[in-house]
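Heads up: the structure comes next, in structure tokens.
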Amino acid sequence: MIALLVRDIQLALRAGGGLGLGLAFFLILTTLVPFGVGADRQLLGAIAPGILWLGALLSCLLSLDRLFALDFEDGSLDLIATSPIPLEGVVLVKALSHWLTTGLPLVLGSAPLGLMLHLPAHGFGWMILSLLIGTPALSMIGCFGAALCVGVKRGGLLLSLLVLPLYIPTLIFGADVARRGATGMSVETPLLLLGGISLAAIALIPLAAAACLRVNLR
Amino acid sequence: MAASIWQWANPVKFIRLSDRLIPPLSILTAICLCTGLIWGFFLTPDDARQGASVKILFVHVPSALMAINAWLMMLFTSLIWIIRRHHVSAFAAKAAAPIGVTMTVIALVTGAIWGKPIWGTYWVWDPRLTSFLILFLFYLGYLALWAAIEDDDTAADLTSILCLVGSVFALLSRYAVLFWSQGLHQPATFSADKETNISNVFWYPAVLCMAGFVLLFVTLVLVGCQTEIRARRGRALLMREGRLT
Amino acid sequence: MTVIATDLVVARAGRVLLEHISFSLHPGNALVLKGANGIGKTTLLRGIAGLQPLMAGKLSVTDDSHVYAGHQDGHKAMLSVAENLTFWSRVFKGPPIERALEQFDLVALRNRLAGTLSAGQKRRLALARLCVTGRKVWILDEPTVSLDDAGVDLFSKTIDAHLAQGGSALISTHIDLGLKAPFDILDLSPFRATPRALAMDEAFL
């Protein structure tokens, strides 16, 4: 499984791997917000947690459709499925590599972007913490959607339609942690719930996604 | 075991049974809906506070009820498909989805029309309304997945898995939305229980309307299942004759 | 390590293709599947490899004994030849890649990106992959496509060596491989199923 993780990260780093695309998209999205709503410091500061969470969520979505589709098209998914690695493990590794190459850069990138959106200073810690805990859930849930759509040609749009509603609870709790953190309220409840969603997704999604892959391979 | 419920999972027997059921069910549906709606719309007094606008609830409440029940039925039939692989079960889920999404839209639209005179706005981000909007999104995804996959059995498998996972997330979203609206300090008056506002004068036509919607749903699902079974039967026949390559 | 198939039924897209297929494949032996295009060779091999369900029949295979190679090579274009092989060797916990590189004449190409290889070279890399998996039962779907005469010769020698070491191979092909080791031919044409729908579809009639 480590071999698969190393390979996927190697591929992401090579040309055409798409590393950094998500981060660039996140930056552009955040840049566009003041053009849309005006550059008022107060307003931007108030909506910054929500914008950053939405931006992170959409950037995560961007690279999902290649998660299994590339391996499916060149036949290596067949070969991996007949290898000693269980498909549940494959799903877990794919989600982990997606998180390492997309989620983690977004977490780190949210700090300077928060600065640009006048996020209150005491909100930064909670912002980054909420993304750190929440993005693994985004990667796992996205992995499930990618496994569902792997057999569908040009399934990118379908994938968004399937995955975005599934993102709602994560977004609600994640953005709530960031918002409460920024306004100095207690974050304990949404933080625990967010952690719960992430852990449950890591535990249960591989089973569902592997089942989808088996159906799509036959 | 002649009385086993699973015998109706046989497509031919199912067609035979539903052929007998559909005419009386259709008539019963028409009677319930006509009486219920006419009684509700024209023969009940206007509400003291809400005026005539309250009468839209005779459509709103049953459709909202069926929107949720249709999803529950899809969850149930998806489970049967995954566990026992009865095709009729998968077809029932497929047939229920478009009806469910229509009910959701009716509930949302009638709710908005009702909300305008009562709340002064068509839409509020009230937990109940928001949950219905999310349910609508889940229906859309489910329908889109059915439409995107050519092979019947593959589509049935994948949509079943989506329905199971989606149900978990839909439930989670419901509670997340309750939590979220709390955080927004929405006035609680918006989510006042609608049923308690209905006095006995409204109760009987409302029950008739609900029965009518349930019957309508059952009838439409039966017809939808028949259509799917006949399409599949046509393909199987062509294949036996060797004319489908 | 023996593969025993009894009365297999193979179906694709709701259509029965082949039925009553029985064979046994012992260590040191090869079984060559022949048959016209579309008869169901690929579906049969995928079924035996565990990628899709066989409709009926009994198949006994030792767990984790086989490796499958299909029509598509499954190389990552942006990884070098050596990196591709190393990946598979690590996934299967197989032998190191050096011998396989030499065997398939890939040493000079080891640092080339797999995406820049010619079709025949890619095929050689796909065959080299089999050697680094360390698996005993090879399930190969038209392995000689795109190979030139020298490549086919190389392939036959590899199979011979694999069989000599107690391995076995199940190969679908249209050409004469020129194997020296003992092998059986299974012509699939007599097993073609009469046109009909699947048993579960017959419930609809």
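Residue numbers begin at 1 in each chain, while the letters A, B, ... track the order of the sequences.
Residue Leu157(A) places its CG atom among 12 or fewer non-hydrogen atoms of other residues, nucleotides or ligands, all under 6.0 Å distant. In the displayed structure, Phe76(B) atom CZ is contacted under 6.0 Å by at most 12 heavy atoms of other residues, nucleotides or ligands.
The structure places CG of Leu162(A) at 10.0 Å from CZ of Phe138(B), a figure rounded to the nearest 0.5 Å. Distance CG/Leu137(B) to CD1/Ile168(A): 5.5 Å, rounded to 0.5 Å.
The stretch residues 131-148 of chain A participates, sequence neighbours left out, in these side-chain hydrogen bond (donor to acceptor under 3.5 Å, both in side chains) pairs: His98(A)-Ser139(A), Trp99(A)-Thr135(A).
Note: Ile172(A) leads Leu161(A), Thr189(A), Ile172(A) in heavy-atom pairs under 4.5 Å with chain B. Here Pro165(A) is the residue among Ala175(A), Gly145(A), Ala147(A), Pro165(A) with the most heavy-atom pairs under 4.5 Å with chain B. The choice from Leu164(B), Asp151(B), Leu145(B) that makes the most heavy-atom pairs within less than 4.5 Å of chain A is Leu145(B). Considering only heavy-atom pairs separated by less than 4.5 Å from chain A, the leading option among Leu140(B), Ile134(B), Ile161(B) is Ile161(B). Of the listed residues (Gly151(A), Pro190(A), Gly155(A), Cys149(A)), the one with the most heavy-atom contacts under 4.5 Å to chain B is Pro190(A).
Put simply, the residue from Leu162(B), Thr159(B), Val165(B) that forms a side chain to side chain contact (heavy atoms under 4.5 Å, CB included) with Leu148(A) is Leu162(B).
Contacts between Leu204(A) and chain B at a heavy-atom distance below 4.5 Å are absent for every atom of the residue. Only the side chain of Ile149(B) comes within contact range of chain A, with heavy atoms under 4.5 Å apart. Residue contact with chain B, scored on non-hydrogen atoms closer than 4.5 Å, is absent for Tyr167(A). Of the atoms belonging to Leu166(A), heavy atoms from both backbone and side chain fall under 4.5 Å from chain B. Val168(B) does not touch chain A: none of its heavy atoms, backbone or side chain, sits under 4.5 Å away.
The side-chain heavy atoms of Phe169(B) and Pro169(A), taken from C-beta on, include a pair separated by under 4.5 Å.
Checked against side chain to side chain contact (heavy atoms under 4.5 Å, CB included), Arg218(A) has the following partners two or more places apart in sequence or in another chain: Val215(A), Arg85(B), Asp153(B), Thr154(B), Asp157(B), Gln52(C), Pro53(C).
Taking the ring centroids of Phe179(B) and Phe173(A), they lie under the 6.0 Å cut-off.
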